[in-house]
Number of protein chains: 2
Amino acid sequence: MLAAGKSPKRRATRLRDSERTRERLLQAASREIYRSGFQSASLDTILAVAGVTKGALYYHFDSKEALGYAVVEEVIAPDVRGKWVRPLQSGKDPINALIGAVQGIPVRPADVRGGCQLNNLAQEMSPLDAGFRKRLAIIFQAWREAVASVLREGQTLGSVRRDLQPADAAGLLIAMVEGYGSLAKNAQDPKVMKAGIRNIVDWLRSLRPPGNRKRV
Amino acid sequence: MLAAGKSPKRRATRLRDSERTRERLLQAASREIYRSGFQSASLDTILAVAGVTKGALYYHFDSKEALGYAVVEEVIAPDVRGKWVRPLQSGKDPINALIGAVQGIPVRPADVRGGCQLNNLAQEMSPLDAGFRKRLAIIFQAWREAVASVLREGQTLGSVRRDLQPADAAGLLIAMVEGYGSLAKNAQDPKVMKAGIRNIVDWLRSLRPPGNRKRV
DNA sequence: TAACATACATACTGGTTGGTATGTTGGCAG
DNA sequence: CTGCCAACATACCAACCAGTATGTATGTTA
């Protein structure tokens, strides 16, 4: 029916322009949601930041809600995957991989003051909107599963204590990360986050088997 | 100068009426802020819930902001004091007192779904408004100091390990509580919070000195 | 009882919100 | 050259927002 590759150059150019507009909207929305929350993020402000008009927005998205969902799926989810899922699948020593991920948490003032995108949105919208909650829960689930998975792997390799439930420990790690993120955001102070990271790393080290404290 | 007790009955009645209106406004505002956040909480909705009119609101408070500050100081702060500061000063075994406080965290579906008032507001407003941040930071500070204080006391009594920094451990405890609260709120599932409480309690038990696992 | 203050109630305003209806442009197939 | 459609741009809208201006009932004071 459809001849593939028919006049592909021009069409490709047009499509790329359109998708760049969409991408700019996503980035601007992400930034504004990060700054003031989803409900308080104004569409007009998002449009001004993105440098596009309302017509373009409503051509690409059905509603503010749909724009928000797209931010979750196309900005936040890949970010978490890049920082917490893929790095843990790199075959390194599990505990070291986890320590690396924790130490990779950004601690610049701007990051600390703004908090965690995922947590921010979940805190605000999970009780209010099932669409957000479902999409955000998927991300949390993937995060937790990635941590639990690498801990299980470590248990079979002998570099992680066997007397611990990987799923429980993964939940605790995430709770610590988000909890310290909250404290640091409230204090508006990177030192709080840095101290938290040290505590989490200490805890991670305690997950090694007793006779195996120094494995690279 | 001022004759005290002059026609006290009538004046007292008037005053009590007025303060009851103020109290109803605070409670309604607290509830609406809890439901939708400070920025998205509508004054008209708060007034409808409180059953008072705009004139009464602006007689008692200068602005929405002032109303929010009053909620922090007169609703949230006493709540935290009642749950985390006073119970820890009761002279019980420190670790047991902390375990009691953690197990006292409400896990009814409505509480879990709504999250922690203090954390909710801090997450939303700390980066946006210094007035909120200052008032909320005072509460966090008192909470942390109460926990650290009881841990120090336990160290001198010998019921808490000496190789731990009370301030650090207090921060970690609060991070865990808030972190699990966030996870449970996002999952909208009391089971997550219950599992978190178990993990926190286990961690608290590990703070006893090695030969002192069962005291009281 | 007259003057006055407290504690509201009512009606309104200018600005902002998400959303829509309609107009315009540029490439491209026929 | 013509018609057509994707990809916007512009102008507008009702609803809602925090805040205000003004009216009023109920005591208290002199």
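These values consider heavy atoms only, across backbone and side chains, with no hydrogens, waters or symmetry-generated copies. Sequence lines set the chain letters: A, B, ... in the order given, protein chains first and strands last, and positions in each chain run from 1.
In this structure, the side-chain contact (heavy atoms from CB on, under 4.5 Å) partners of A/A195, at least two apart in sequence or on a different chain, are A/R198. Contacts of B/E153 classified as side-chain contact (heavy atoms from CB on, under 4.5 Å), with partners at least two apart in sequence or in another chain: B/V150, B/L157. In terms of the side-chain contact (heavy atoms from CB on, under 4.5 Å) criterion, residue partners of B/D79 (sequence neighbours excluded) are, by chain and number, B/K83. Residues meeting the side-chain contact (heavy atoms from CB on, under 4.5 Å) test with A/Q89, sequence neighbours left out: A/V85, A/R86. Taking the side-chain hydrogen bond (donor to acceptor under 3.5 Å, both in side chains) definition, one finds that A/R152 meets it with A/E145, sequence neighbours left out.
For residues 52-71 of chain A, the set of pairs meeting the ring pair (Phe, Tyr, Trp, His ring centres under 6.0 Å) definition, not counting sequence neighbours, comprises A/Y69-A/F132. Residue pairs meeting the salt bridge (Lys or Arg N to Asp or Glu O under 4.0 Å) criterion with at least one member in residues 176-193 of chain A, sequence neighbours excluded, are A/D189-A/K191. For residues 133-142 of chain B, the set of pairs meeting the side-chain hydrogen bond (donor to acceptor under 3.5 Å, both in side chains) definition, not counting sequence neighbours, comprises B/E73-B/R135. Among pairs with a residue in residues 101-114 of chain A, those fulfilling side-chain hydrogen bond (donor to acceptor under 3.5 Å, both in side chains) read A/R108-A/D111, at least two apart in sequence or across chains.
Listed by residue number, the members of residues 126-133 of chain B with any heavy atom below 4.0 angstrom from DNA chain D form an empty set. Within residues 33-42 of chain A, the residues approaching DNA chain C are A/A41, A/S42, by heavy-atom distance under 4.0 Å. Less than 4.0 Å separates DNA chain D from at least one heavy atom of each of the following residues of residues 49-66 of chain B: B/K54, B/Y58, B/S63, B/K64.
Counting to the nearest Å, the C1' atom of C/dT16 and the CG atom of A/L47 are 14 Å from each other. With rounding to whole Å, A/I46 atom CD1 is found 14 Å from C/dG19 atom C1'. Note: CG (B/D44) to C1' (C/dT17) measures 14 Å, nearest angstrom. Taking atom CG on B/L43 and atom P on C/dG15, their separation rounds to 19 Å, with Å as the unit.
At a cut-off of 3.5 Å, with distance as the only test, no side-chain donor of A/S42 or A/E32 sits close to an acceptor on the other residue.
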